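Please read these numbers as outputs of a predicted model, since none were measured by experiment. What you see below is based on every heavy atom in this structure, not just the backbone, and it leaves out hydrogens, waters and symmetry mates. Letters A, B, ... mirror the listed sequences (proteins, then strands); counts begin at 1.
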Amino acid sequence: MTLSKASEDFIANLRLYLMTSGKKDAEIKEIAEELRAHLEDAENRGKNLETVTGGSPEAYMKNISSEMTTDFYGLIKLMPMFILLLIAYFVTGSAIRGDLSFSLLKLIAFPLIAAASIGAYIFTFRKIAGNTWSKKKEFTIFIGIQLITVGLMSAVLLLDIFYFQPFYTPSRAMMWVIAAMGVLIFFIGAIWSKTWITIILPLFLFGPDFVMSFMDVDEMTALYANMGVFVAGFILLMLYLLFQNKKQNPHYS
Amino acid sequence: MSSSQMLKGILDGCLLAIINKGETYGYEMIEKLELYGFRMVSEGSIYPVLLRLQKEGFVKSVMKESPSGPKRKYYTLTPDGEKEYLEFKERWESLSMSVNRLVKEEI
């Protein structure tokens, strides 16, 4: 028995909503299965999603969520790996290029920007789960958050160059050690999260720097190569998502 | 006040009463409630209540494959749940008696 598209979407969104609310995986799975069974029975008898959720999926999700215990311990367990990955993203690229330095401004501003950006992403995910927005709107919001994040980071970097002295600049050999540790963290992250994303993303971001650090290229060529790989990677990612979407919803795209 | 709003306060007790009649699952509870004349505005509203009843230890549940159809979660009352049901019944009887006396002007 297959469910209607609206019901499938509702269950997927409920899972997303509960996940971003920090509920336990096992409990999420249980309530999702229970509601799926109910929806199957209801649709078999000619009822639709609305008779089950009562018109406002967002209010209903909130209602379910409020009766489930939040798994703070589970969230805390995720934090160390998460923080390690974040640090690795920040330092690996610079360490490969050889311009890694630590200043007070960077040490304070980057974690704050990262936290705000992640907060904005999670907030958006929850909003998406509760509403039926168009793909275009979702996409615009995510690009918006990304642009603001990159903009803020660039501003911090500029300020840093002009007004702040680094209190520690590692030697070139030390930078390679740091870069190697960063790469190691990406691999551990991939095994831990069972996805390739923590390897593929750094590969696109830092791969060109790594290759070019062995070649004698001027700065402009390096910049163009970097941008080229980044744009190509972005297009590949979009194509992949489009393809996945088609595969999962053959009648709907 | 709509009847669904009135029902909100006593849905916990009504579900205890339905489960007290024998092991059952969500969709079947809706059907039984309808049999007794309840008209639910949203069928899904029983699930937050069931989550709460389970958290309070009044019901326990088990996942079972059904012979026809999907895997279902079956609920039964715990001893605490049976006690809670009897207390609900008493509270409801005295409350409904008072409301009836009031609206029918029996005094």
Whether over 12 other heavy atoms sit under 6.0 Å from [X] [atom1]:
X        : atom1 : value
Phe82(A) : CZ    : no
Asn48(A) : CG    : yes
Lys32(B) : NZ    : yes
Lys47(A) : NZ    : yes
Lys83(B) : NZ    : no

(request) Decide yes or no on side-chain contact (heavy atoms from CB on, under 4.5 Å) for Ser61(B) and Glu34(A), but give the supporting numbers first. (result) CA-CA 11 Å; Ser61(B) 67; Glu34(A) 193 176 21; over 6 Å; no
Supply the atom-to-atom distance [X] [atom1] to [Y] [atom2], rounded to the nearest 0.5 angstrom.
X        : Y        : atom1 : atom2 : value
His38(A) : Ile46(B) : NE2   : CD1   : 6.0 Å
Glu27(A) : Gln54(B) : CD    : CD    : 8.5 Å
Leu35(A) : Glu43(B) : CG    : CD    : 11.0 Å
Leu50(B) : Ile31(A) : CG    : CD1   : 8.0 Å

(message) Under 4.5 Å from any heavy atom of chain B, what part of Ser66(A) do you find: side chain, backbone, both or neither?
(response) backbone
(request) Might you point out which heavy atoms bring Ser42(B) and Thr53(A) nearest each other, and give the distance in Å? (result) CB-C, 3.8 Å
(request) Output yes when Glu67(A) and Lys55(B) qualify as a salt bridge under the 4.0 Å nitrogen-oxygen rule, no when they do not. (result) yes
(message) If I measure from the heavy atoms of chain A, does Glu56(B) come under 4.5 Å with its side chain, its backbone, both, or neither?
(response) neither
(message) For Gly44(B), is there any backbone N or O sitting under 3.5 Å from a side-chain donor or acceptor partner on Tyr60(A)?
(response) yes
(request) Would you check if Lys73(B) and Glu30(A) make a side-chain contact, meaning some heavy-atom pair closer than 4.5 Å? (result) yes
(message) Under the criterion side-chain contact (heavy atoms from CB on, under 4.5 Å), I'd like the reasoning laid out for Asp41(A) against Glu31(B): C-alpha separation, chi angles, the key distance, then a yes or no.
(response) CA-CA 11 Å; Asp41(A) 281 332; Glu31(B) 286 182 322; over 6 Å; no
